[in-house]
J.: 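Here's a structure for you.
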Amino acid sequence: MEKFQFPSMIEKLKQSPKTIVFTEGTDARILEAAAELLKDSFLKPILVGSEAEVTAAADKGGFNIAGADIVDPANYAKMDAMVAKMVELRKGKMTEEECKTALQKGNYFGTMLVAMGEADCLLGGATYSTADTVRPALQLVKTRPGAHLVSSCFILTRDTGDEALRNLCMGDCAINLSYEDSLDKEGNVTVTAAQKLAEVAVESAKTAKIFGIEPKVAMLSFSTKGSGKGSTVALSAEATKVAQEMAPDIAIDGEMQFDAAVSPTVGQLKFPGSKVAGYANTFIFPNIEAGNIGYKIAQRLGGYDAYGPILLGLNAPINDLSRGCVASEVYSMAIITAALI
C-alpha cells in the first residue's frame, strides 16, 4: 500500500476514530483497503453485503478483515426502522415497498446507515456510477443548511521543486454540468448561477484548508479581467464578486485565464495588483467540461496524484470512487472522507 500523503489527517483520526461504510463489501479493492485500515486502528470499516460472500471474497484475496462489521441488508435487524425512516425522508416520493426494494441495494442501504447515525461517513463507487452514489446522498442525507447545491473538488499532489504547486485544489470537475439560475413556480430567481459557482469556490477553498493548503482561489475563464466576452466570462466575473462577499477572509479573484493564475509574470501583467494572479493554488472552473478536462491533464501529463471527487455541501461526508480505482486509492479516500467530519 502506497504511503498516504496527508499524515495530519491520520493523526486527527487517531484522536477521534470514525466508522466508514463501504457499499461494495465483496469488491477485492475494498477488502484490501479495509484490511489495511483495520491494521491501522483509526478507522473502522462497515462492509455492506452477505457475510458469507464478503468473507469468501476476503479469504480468496488473502485479506484479513477481522474486526470489520459486515452488514447484510437481507437480514438487517433494524430494517423496519430503516424503512420507516426512509419513507419519512422521501416525504411521499417513495412508497414503503419502493423503499424496501431500494434498501436491498448497497448504495441506498449504506446511505441510510449514515442518515440514521449508525456510521459516520460513506465511500462508494467502486462498481456503482457516480450518479448511483450521489443520488441516495441527495435524497437521504441531503444538503446541509445554507447549501444550495452539491459540488465536488479534487486535491492534486506531486513532488515538485515549486512548493507553491505541490498541492492544488480544483472544482467542480465531477458533479455540476453547468450553472443556471434556479426559479420558483412563478419564475422568480431564487438562487443565481453566480451564487452557485461562488458556493463551489468557497466550499473548495474550505476543503483545501483541510489538506494544509492556504487557498488562493482563481475563478478561471478564457478571459482575464474582461479581455474576452461570453456567458461563462460574465458568470465567472459575477461569481468572483459573490464569493468575495461570502468569504472575505479567503483570497479569491477573477475572472482570469490559467496562465494568469499560475505565472507571476503573466498574472501581474494581465491582472496587476491581484493577490491571487500568478500564485493561485485553488482553481474554479466555469463548467464541468473545463474542470474534468483540466484536472485530468494535470493528472496524466502533469504527474499529479488526484484525490477525489470529494463531495461538498452534504450533511455528512459521502464520497465517490472511480470504477477504475485501485486499493491504495480506496484507502486514501477512506481517510480523506472520515477526516472531513
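Since the structure is predicted, the reported quantities are computational estimates derived from the model, not experimental observations.
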J.: Identify whether the distance between the nearest side-chain nitrogen and carboxylate oxygen of Arg90 and Glu98 falls below 4.0 Å.
T.: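 Between Glu98 and Arg90 there is no salt bridge, as every charged N stays at least 4.0 Å from the carboxylate O atoms.
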
J.: Going through the distances and angles, do Asp305 and Arg158 end up as a salt bridge (Lys or Arg N to Asp or Glu O under 4.0 Å)?
T.: CA-CA 6 Å; Asp305 294 324; Arg158 74 171 185 185; over 6 Å; no

J.: Answer yes when Lys196 and Glu199 have at least one side-chain N-carboxylate O distance shorter than 4.0 Å, and no when they do not.
T.: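 Salt bridge absent between Lys196 and Glu199.
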
J.: Within the 3.5 Å criterion, strictly below it, is a donor on Glu255 or Ser223 matched to an acceptor on the partner's side chain?
T.: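 Note: Glu255 and Ser223 side chains meet the donor-acceptor criterion.
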
J.: Does Arg29 use its side chain to pair, donor to acceptor, with the backbone of Ala126 at less than 3.5 Å?
T.: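 Indeed, once roles are kept as given, a pair shorter than 3.5 Å links the two residues.
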
J.: Determine whether the side chains of Lys18 and Thr337 contain a donor N or O and an acceptor N or O closer than 3.5 Å.
T.: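 Result is no, nothing qualifies.
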
J.: Got Phe211 and Met9 here, is their nearest side-chain heavy-atom distance under 4.5 Å?
T.: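 Answer yes - side chains close enough.
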
J.: Side chains of Gln257 and Val266: does their closest heavy-atom pair fall under 4.5 Å?
T.: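 With C-beta onward as the side chain, the pair stays apart.
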
J.: Specify the closest pair of heavy atoms between Thr207 and Cys153, including all atoms of both residues, with the distance to one decimal.
T.: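 Smallest interatomic distance, heavy atoms only, reads CG2-SG, 3.8 Å.
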
J.: Are Phe283 and Tyr304 grouped together when hydrophobic residues (ILVMFWY) are joined by side-chain heavy atoms under 4.5 angstrom apart?
T.: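 Yes, because Phe283 and Tyr304 connect within a single hydrophobic cluster, where side-chain heavy atoms sit under 4.5 Å apart.
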
J.: Between Lys44 and Asp69, is there a side-chain N and carboxylate O pair less than 4.0 Å apart?
T.: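 Between Asp69 and Lys44 there is a salt bridge, with a charged N closer than 4.0 Å to a carboxylate O.
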
J.: In the structure I gave you, are the side-chain heavy atoms of Met219 and Lys241 within less than 4.5 Å of one another anywhere?
T.: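 No; the side chains remain at least 4.5 Å from each other.
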
J.: Once ring pair (Phe, Tyr, Trp, His ring centres under 6.0 Å) is applied, do any residues pair with Phe154, and if so which ones, sequence neighbours excluded?
T.: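 Applying ring pair (Phe, Tyr, Trp, His ring centres under 6.0 Å) to Phe154 gives Tyr295.
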
J.: Considering all heavy atoms of both residues, which atom of Ser274 and which atom of Gln268 are nearest to each other, and what is their separation?
T.: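 Smallest heavy-atom distance, with atoms named: O-NE2, 3.1 Å.
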
J.: I'd like to know if Ile70 and Leu123 are part of one continuous hydrophobic network [Ile/Leu/Val/Met/Phe/Trp/Tyr, side-chain heavy atoms within less than 4.5 Å].
T.: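 Yes, it is one cluster - the side chains of Leu123 and Ile70 are joined through contacts under 4.5 Å.
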
J.: Do Ile175 and Thr130 have side-chain heavy atoms sitting under 4.5 Å apart?
T.: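 Yes; the side chains approach each other to less than 4.5 Å.
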
J.: Report yes if some heavy atom in the side chain of Tyr108 is under 4.5 Å from a heavy atom in the side chain of Arg135; otherwise report no.
T.: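 Side-chain contact under 4.5 Å: yes.
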
J.: Pairing donors with acceptors under 3.5 angstrom, does anything connect the side chains of Thr19 and Asp120?
T.: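 Side-chain D/A pair, Thr19 to Asp120: present.
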
J.: Would a 4.5 Å heavy-atom cut-off, applied to side chains only, mark Leu103 and Lys100 as touching?
T.: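 Not in contact.
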
J.: Looking at side-chain heavy atoms only, is the closest gap between Met116 and Met112 below 4.5 Å?
T.: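 In short, these two side chains touch, coming nearer than 4.5 Å.
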
J.: Using side-chain heavy atoms (C-beta onward) and a distance below 4.5 Å, is Arg166 in contact with Asp159?
T.: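 Sidechains of Asp159 and Arg166: in contact.
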
